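Inspection log for the structure reproduced underneath, given as structure tokens.
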Amino acid sequence: MRARELASGLSLFAARTPTLLPATHTNSYALGGRDVLLVEPATPYDDELRAWVAWARALPSEGRRPVALFATHYHPDHVGGVDVLARELGLPLWTHEETARRIGPEKVARRLVDGEELVLDGAVPQRWRVLETPGHAWGHLCLWEETQRTLVVGDMVASEGTIVIVPGDGDMRVYLEQLRRLRGIGATLALPAHGEPIDDPDAHFDRYIAHRLAREARVLAAVDRAGPEGARDVDLVPDAYADTPVGVWPFALFSLQAHLEKLVTDGRVVARGGRYVAAP
Ligand SMILES: [Zn+2]
């Protein structure tokens with residue numbers, strides 16, 4: 001079932017989107033028992049938009065009243081339906097300034113910043129703290145409800161597919177910092193944009209952090225093996241990603257670049273004329 005209730009005042013709707021395989025859908029969430037925030041106006045597809053609108057329009061029959069749309073970040077598989085959904089449902093979009101800048105400032109009614117609280121009134125009020133968690137995308141936002149220990153994580157982690165860090169758009173160093181921040185928050189339920197809800201968030205964050213650090217070690221070892229002449233990023237992929245299928249190497253190159261950027265910032269690798277050399 002792609003639309004379902006996870007808890008009182010919390011429901012999920014998964015819509016097909018142009019996202020990164022093997023994921024094929026982006027989750028939207030309806031937060032709030034009476035006042036409702038609709039997370040991720042994601043799908044650009046007509047049939048999916050119709051289903052999404054029907055889902056949102058059915059909420060009032062449960063005593064729930066949508067007040068706004070919310071987007072975690074500007075990637076097309078998160079905001080692809082914003083024009084149609086805002087118009088059809090007559091709802092404003094709340095998101096971060098970085099997202100507004102990229103999708104069109106006129107589409108954003110309210111700019112959210114780190115630390116601000118979004119109170120959704122109802123029999124059991126929900127108080128969602130806005131967390132700015134860049135790294136996968138600039139201005140990426142998470143939402144944290146302390147009483148219910150529930151964390152909307154956007155694309156910080158997923159339970160299906162991988163989270164790609166692309167230099168320029170993302171930053172591996174910042175991403176790891178933000179994962180550690182989320183790791184310490186005390187969540188018992190994490191709601192990702194892709195895949196099933198995560199009921200052991202800290203273990204999940206730990207796996208993500210460990211996975212990135214293990215890859216970083218492989219990248220560093222590959223740079224080491226390239227010797228004093230170093231190597232171009234593209235030539236490091238077969239070594240650093242020898243354990244992954246060749247088919248994912250084009251994406252692996254982005255991640256490898258993100259790791260290299262971090263290793264350069266950390267002073268462990270030197271970039272010289274498009275080649276990467278281990279720091280002495
Ligand atoms: Zn994304």
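All values below were derived from every heavy atom in this structure, side-chain atoms included, with hydrogens, water molecules and symmetry-related copies excluded. Counting starts at 1 for both ligands and their atoms, in listed order. Since the model is a prediction, treat every value here as computed from it, not as a measurement.
- Pairs passing the side chain to side chain donor-acceptor pair (under 3.5 Å) check and including a residue from residues 177-187, sequence neighbours excluded, read D114-R181, Q178-R181, R183-D202, R183-D206.
- Here R275 pairs with nothing under the salt bridge (charged side-chain N to carboxylate O under 4.0 Å, His left out) rule; sequence neighbours left out.
- Side-chain N or O atoms of E62 include none that pairs as donor or acceptor with a backbone N or O of L59 at under 3.5 Å.
- Using modelled atom types, one finds no donor on one side chain facing an acceptor on the other under 3.5 Å when comparing Y241 with D243.
- The backbone N or O of R173 sits less than 3.5 Å from a side-chain atom of D171, completing a donor-acceptor pair.
- Around the Zn ion (ligand 1), the protein atoms of type N, O or S that sit closer than 2.8 Å are H73 NE2, H75 ND1, H136 NE2, D155 OD2.
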In a table with atom names and distances, give each donor-acceptor pair under 3.5 Å that connects a side chain of residues 63-74 to protein atoms at least two apart or in another chain.
unit_1 : atom_1 : unit_2 : atom_2 : d
R64    : NE     : G32    : O      : 2.9
R64    : NH1    : S11    : OG     : 2.9
R64    : NH2    : A30    : O      : 3.0
R64    : NH2    : G32    : O      : 2.9
R65    : NH2    : D35    : OD1    : 2.6
T72    : OG1    : E40    : OE1    : 3.4
T72    : OG1    : E40    : OE2    : 2.7
H73    : NE2    : H75    : ND1    : 3.1
H73    : NE2    : H136   : NE2    : 3.4
H73    : NE2    : D155   : OD2    : 3.3
Y74    : OH     : W138   : N      : 3.3
Y74    : OH     : D169   : OD1    : 2.5

